[in-house]
Structures are given as C-alpha cells and as structure tokens.
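Here's the structure, in structure tokens; my notes come after.
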Amino acid sequence: MNKMTNEERELYESDLKAKSDWNGGMDWAKKQAAQQGLEQGLEQGLEQGKLQEKIEIAKNLKKEGLSIELIAKTTSLSIEEIQEL
C-alpha cells in the first residue's frame with residue numbers, strides 16, 4: 001500500500017467502502033426478509049389454529065345434533081364444510 005499513489009489509494013479505499021456498504025445492505029435485507037418470513041409464518045399458523053378450532057367446535061355441535069345451518073352461522077364455516085365433517 002505504501003507504493004500506491006494518492007489516486008490509487010483513494011480508489012482502493014473507495015472500493016473497500018463500496019464493498020462494505022454493499023455487504024451491510026445485503027445483511028440488512030436478509031434480516032428484513034427473515035423477519036417478514038417469521039411474521040408471515042406466525043400469521044399463517046394463527047389462522048390455521050383458528051380454523052382448526054372452528055372445525056372442532058363444528059364437530060362437537062354436529063355430534064350434539066344441532067342443525068348444520070346453525071353450526072354454519074355459529075362457526076362461520078360453510079354448510080359444505082360442515083357436511084364433510
């Protein structure tokens with residue numbers, strides 16, 4: 001590095017900074033993508049859990065002899081979904 005001219009040294013340092021900035025940007029983007037993926041996975045898991053709960057409630061109400069229409073109204077499941085249980 002001692003043999004470099006001032007111009008060469010500035011270009012070298014500029015290149016190092018650009019690479020560092022690029023790596024920092026990539027690290028930030030990866031963290032953001034991971035966080036977004038985690039949030040989406042959590043949201044999907046909660047939705048699936050709510051659906052499973054509705055299905056279990058519908059099964060129990062169906063066993064008790066309630067009408068499919070009332071079960072559909074109570075659980076927000078479709079009549080077809082309840083008939084398939």
Side-chain angles (χ1 to χ4, degrees):
M1 202 155 157
N2 289 336
K3 295 181 181 180
M4 290 183 183
T5 65
N6 283 341
E7 185 178 332
E8 290 172 332
R9 187 175 295 113
E10 287 175 12
L11 286 172
Y12 175 76
E13 289 174 359
S14 176
D15 185 51
L16 285 179
K17 183 178 179 336
K19 287 179 182 177
S20 176
D21 290 347
W22 186 83
N23 286 333
M26 291 301 290
D27 288 344
W28 179 84
K30 288 175 186 175
K31 288 177 185 176
Q32 292 299 313
Q35 181 65 30
Q36 186 178 19
L38 180 63
E39 290 171 2
Q40 287 176 346
L42 180 58
E43 187 176 317
Q44 288 175 350
L46 289 172
E47 289 299 318
Q48 288 176 345
K50 288 178 185 178
L51 177 60
Q52 283 303 115
E53 183 178 25
K54 287 180 181 184
I55 290 170
E56 288 303 313
I57 291 169
K59 284 180 182 178
N60 291 334
L61 293 174
K62 194 173 179 182
K63 284 180 189 174
E64 293 296 321
L66 272 71
S67 72
I68 290 178
E69 291 80 14
L70 180 59
I71 297 170
K73 191 181 282 188
T74 304
T75 62
S76 302
L77 295 173
S78 69
I79 291 173
E80 294 79 20
E81 289 173 313
I82 296 166
Q83 288 173 336
E84 291 178 8
L85 298 177

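Numbering of residues begins at 1 and proceeds along the displayed sequence. Both backbone and side-chain heavy atoms feed into the values below; hydrogens, waters and symmetry mates do not.
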Does a salt bridge link K17 with D21, judged by any charged N lying under 4.0 Å from a carboxylate O? yes
In chain order, what residues pass the side-chain hydrogen bond (donor to acceptor under 3.5 Å, both in side chains) check against N23, with sequence neighbours excluded? none
First locate atom NZ of K19, then atom CG of D15, and finally report the distance between them rounded to the nearest 0.5 Å. 4.5 Å
Separation of N60 CG from K62 NZ (nearest 0.5 Å): 12.0 Å
side-chain hydrogen bond (donor to acceptor under 3.5 Å, both in side chains) partners of K30, counting only residues at least two apart: none
For E56, the side-chain contact (heavy atoms from CB on, under 4.5 Å) test, sequence neighbours excluded, returns K59
If the condition is side-chain hydrogen bond (donor to acceptor under 3.5 Å, both in side chains), which residues does E39 pass it with, not counting sequence neighbours? Q35
Minimum heavy-atom distance between M4 and R9, given as atom pair plus value: O-NH2, 3.5 Å
Any pair counted as salt bridge (Lys or Arg N to Asp or Glu O under 4.0 Å), so long as it reaches residues 63-85, sequence neighbours left out: none
Check this for me: E53, atom CD, are more than 12 non-hydrogen atoms of other residues, nucleotides or ligands nearer than 6.0 Å? no
Around atom CD of Q32, are there more than 12 heavy atoms of other residues, nucleotides or ligands at under 6.0 Å? yes
Whichever hydrophobic residues join L51 through chains of side-chain contacts under 4.5 Å: I55, I57, L61, L66, I68, L70, I71, L77, I79, I82, L85
